[in-house]
Amino acid sequence: MERYWLLKSEPFKYGWDDLEAEGEGTWDGVRNHRAKNNLAAMEVGDQAFFYHSREGLEIVGICEVSEAGITDPTDETGKWAAVKVVPKTKLPRPVTLKEIKVEERLADCELVRQSRLSVAEIKPDEWSLILKMAGV
DNA sequence: GCCAACGTTGGC
DNA sequence: GCCAACGTTGGC
């Protein structure tokens, strides 16, 4: 079953533009167990929102998992997971955290509930709602 | 095995 | 720049 995700990144470290410029990005360096579980559950073809944290605070684009189940290359213990993603589309209109927080149907999503989680799951109905908010 | 202290993340 | 939330570490 296809699942949906949200990947957080600080734009001054690695933003949407960086991903588009590279064509493919490796999502590694995650050192949180819940985020790691999400990474490990990803499959090729899954879609993910790309969210800018600290600065911007908005979902800016959609990317797709191009390689799953990778062991994090930046980790020598081999315990952490990573995936590769390719950029798909930039949202016609970014969806801000503010809008997400105001929308009560999104009050339950991982992004709101656990704000420090760098890889969050998005449920299918939350996914389509956010797409609608983005003007897709 | 509990919990206080500390470090980090991320929204404001 | 501040601080709340959360995770991790280490003393007991």
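Hydrogens, waters and symmetry mates play no part in the numbers below; they use all other heavy atoms, side chains included. Remember, predicted model here, so these are calculated numbers, not experimental data. Naming convention: chains lettered A, B, ... in sequence-line order (proteins, then strands); numbering from 1 in each chain.
Between A/K13 and A/K101, the residue whose closest nucleotide on DNA chain B is further toward the 5' end is A/K13.
Rounded to whole angstrom, the span from the CG atom of A/L6 across to the P atom of B/dG10 amounts to 11 Å. What separates CZ of A/R116 from P of B/dG7 is a distance of 14 Å, to the nearest Å. If you take CD of A/E110 and C1' of B/dG10, they are 16 Å apart, rounded to a whole angstrom. Remark: P of B/dT8 and CD of A/E10 are 13 Å apart, rounded to the nearest angstrom. Rounded to a whole Å, the CD1 atom of A/I100 is 11 Å from the P atom of B/dC12. Spacing between atom NE2 of A/H52 and atom P of B/dG11 amounts to 12 Å, rounded to whole angstrom units. A/Y51 has its OH atom 9 Å from the P atom of B/dG10, to the nearest Å. Residue A/L111 contributes atom CG, which lies 11 Å from atom P of B/dG10 at whole-angstrom precision.
Side-chain N or O atoms of A/D72 include one that pairs as donor or acceptor with a backbone N or O of A/G29 at under 3.5 Å. When atom types are taken as modelled, the side chain of A/D28 and the backbone of A/A82 share no donor-acceptor pair closer than 3.5 angstrom.
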Go through the steps for A/T77 and A/D75 under the test side chain to side chain donor-acceptor pair (under 3.5 Å), then give the verdict.
-> CA-CA 6 Å; A/T77 69; A/D75 161 46; 2.8 Å; yes

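Linking ILVMFWY side-chain heavy atoms closer than 4.5 Å, directly or via other members, places A/W27 and A/M42 in a single hydrophobic cluster. Placement of A/F49 and A/L129 within a single hydrophobic cluster is found when ILVMFWY residues are connected by side-chain heavy-atom separations under 4.5 Å, directly or transitively.
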Taking only distance into account, with no hydrogens and no angle test, what donor-acceptor pairs under 3.5 Å do side-chain atoms of residues 104-113 of chain A form with protein atoms, sequence neighbours excluded?
unit_1, atom_1, unit_2, atom_2, d
A/R105, NE, A/E103, OE2, 3.1
A/E110, OE1, A/N38, ND2, 3.4
A/E110, OE1, A/E121, N, 2.7
A/E110, OE2, A/R34, NE, 2.8
A/E110, OE2, A/R34, NH2, 2.6
A/R113, NH1, A/D108, O, 2.4

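Heavy-atom contacts from other residues, nucleotides or ligands closer than 6.0 Å to NZ of A/K123 number more than 12.
Not one side-chain nitrogen or oxygen of A/Q114 sits closer than 4.0 Å to the OP1 or OP2 atom of B/dT9.
Contact annotation for A/K98: no contact, since no heavy-atom pair falls under 4.0 Å across all strands.
Residues of residues 27-35 of chain A that place a heavy atom closer than 4.0 Å to DNA chain C, in numerical order, are A/N32, A/H33.
Side-chain proximity of A/S118 to the nucleotides B/dG10, B/dC12, C/dG7 is greatest for B/dG10.
For A/R54 and B/dG10, a side-chain-to-base donor-acceptor distance below 3.5 Å is present, hydrogens and geometry of angles not being considered.
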